[in-house]
Amino acid sequence: MREKRTNLPTNILASIRARKDRGAGVHAPHDRAKGMLVASYNVHKCVGIDGKFDPARTSHVIREIGADVIALQEADTRFGERRGLLDLAWMERETGLFPVPISGVAKAHGWHGNVVFFREGLVRDVHQVKLPGLEPRGALITELELKDGSAFRIIAAHLGLLNRSRHQQARVIIDILRSRDEQPTVLMGDLNEWRRGDRSSLNTLASVFGLPAAVPSFPSRLPVLALDRIMANRPGLLDTVETHDTPLARLASDHLPIKAVLKLGMLPASDHAEAG
């Protein structure tokens with residue numbers, strides 16, 4: 001009997017095989033004794049894979065995740081007033097999360113659709129970066145100080161669809177980072193890059209952040225592409241990156257959220273001194 005062959009790529013086959021093990025997608029609450037939970041989520045302008053615009057559904061996914069810091073992409077309308085799409089009062093009441101304040105766009109939650117929410121601490125600095133390319137893209141660089149006095153930097157970004165633009169945008173992020181003081185830094189967002197070869201924009205980012213393991217997050221129903229990333233500039237700063245895979249998350253956006261534990265309190269003492 002001739003062996004049956006398939007031409008499906010191995011990542012698609014792996015996702016198909018894993019699909020039956022996804023079960024009900026029950027998630028356990030995060031144990032904050034292990035560190036801060038950080039997450040990234042492209043909310044797709046609150047339009048689910050069923051085509052319905054439902055900001056409340058998106059907000060409930062965010063509540064499910066239970067992150068201490070979360071970077072959202074496509075949280076505002078793209079054109080015109082760039083109006084924010086989420087109910088910020090509900091977010092504060094139901095999740096305890098507050099948006100990092102920005103300037104210049106009165107009705108938007110974030111900058112070019114990027115918004116950072118945080119649970120506690122003080123915002124020491126916010127830097128809004130307009131990234132080069134044909135599409136309107138940006139990054140939001142935020143420095144947070146925690147109750148214990150430690151600090152870390154978050155770079156929330158949404159890179160472009162064109163390979164050339166992604167390379168330019170990655171270089172701008174690295175250049176800005178190198179011009180600032182050195183401290184624990186996490187890059188989170190939809191980087192629109194799934195390749196790991198010579199033409200990948202991840203190679204530029206790797207000079208500071210290394211190359212993390214790929215965690216497929218797109219499309220949400222059958223994730224095969226690792227478009228979303230959480231990366232850190234120091235070894236051991238992040239625990240394993242994983243998807244937040246629940247029935248609601250599979251429906252609410254075409255991306256699954258990704259999350260990781262930030263082990264800031266477990267850095268060597270010298271690192272804390274640099275961060276303060």
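Just so we're clear, the structure is a prediction, and the values are computed from it rather than from any experiment.
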Please check if the side chain of Arg166 supplies one atom and the backbone of Leu161 the other of a donor-acceptor pair under 3.5 Å. yes

Can a donor-acceptor pair be found, under 3.5 Å and without considering hydrogens, that links the side chain of Asn233 to the backbone of Thr185? yes

Taking Thr95 for the side chain and Met91 for the main chain, is one N or O donor matched with an acceptor at less than 3.5 Å? yes

Quick one about His60 and Arg57 (side-chain donor to acceptor, distance below 3.5 Å, no hydrogens or angles considered), yes or no? no

Working to the nearest 0.5 angstrom, can you tell me the gap between Phe98 CZ and Phe117 CZ? 11.0 Å

In this structure, which one of Ile141, Leu140, Ile173 forms a side chain to side chain contact (heavy atoms under 4.5 Å, CB included) with Val129? Ile141

Presence of salt bridge, Glu92 and Arg119, under 4.0 angstrom: no

Rounded to the nearest 0.5 angstrom, the CD1-OH distance for Ile70 and Tyr41 is 8.5 Å

What I want to check is whether the side chains of Ser59 and Glu94 have a donor and an acceptor closer together than 3.5 Å. no

Please report whether the ring centroid of Trp111 lies less than 6.0 Å from that of His158. no

Stepwise, does the side-chain contact (heavy atoms from CB on, under 4.5 Å) test hold for Val115 with Ile102? CA-CA 9 Å; Val115 58; Ile102 62 162; over 6 Å; no

I'd like to know if the side chain of Asp76 and the backbone of Asn114 have a donor-acceptor N/O pair within less than 3.5 Å. no

Would you find a donor on one side and an acceptor on the other, under 3.5 Å apart, between the side chain of Glu193 and the backbone of Ser201? yes

Under 6.0 Å from the CZ atom of Arg195, do we count more than 12 heavy atoms belonging to anything else shown? yes

Taking atom CZ as the centre, does Arg164 end up with more than 12 heavy-atom neighbours from other residues, nucleotides or ligands that are less than 6.0 angstrom away? no

When you measure from the side chain of Asp68 to the backbone of Leu37, do you find a donor-acceptor pair of N or O atoms at a distance under 3.5 Å? yes

Indicate yes or no for a side-chain donor-acceptor contact from Glu64 to the backbone of Thr246 under 3.5 Å, with no hydrogens or angles considered. no

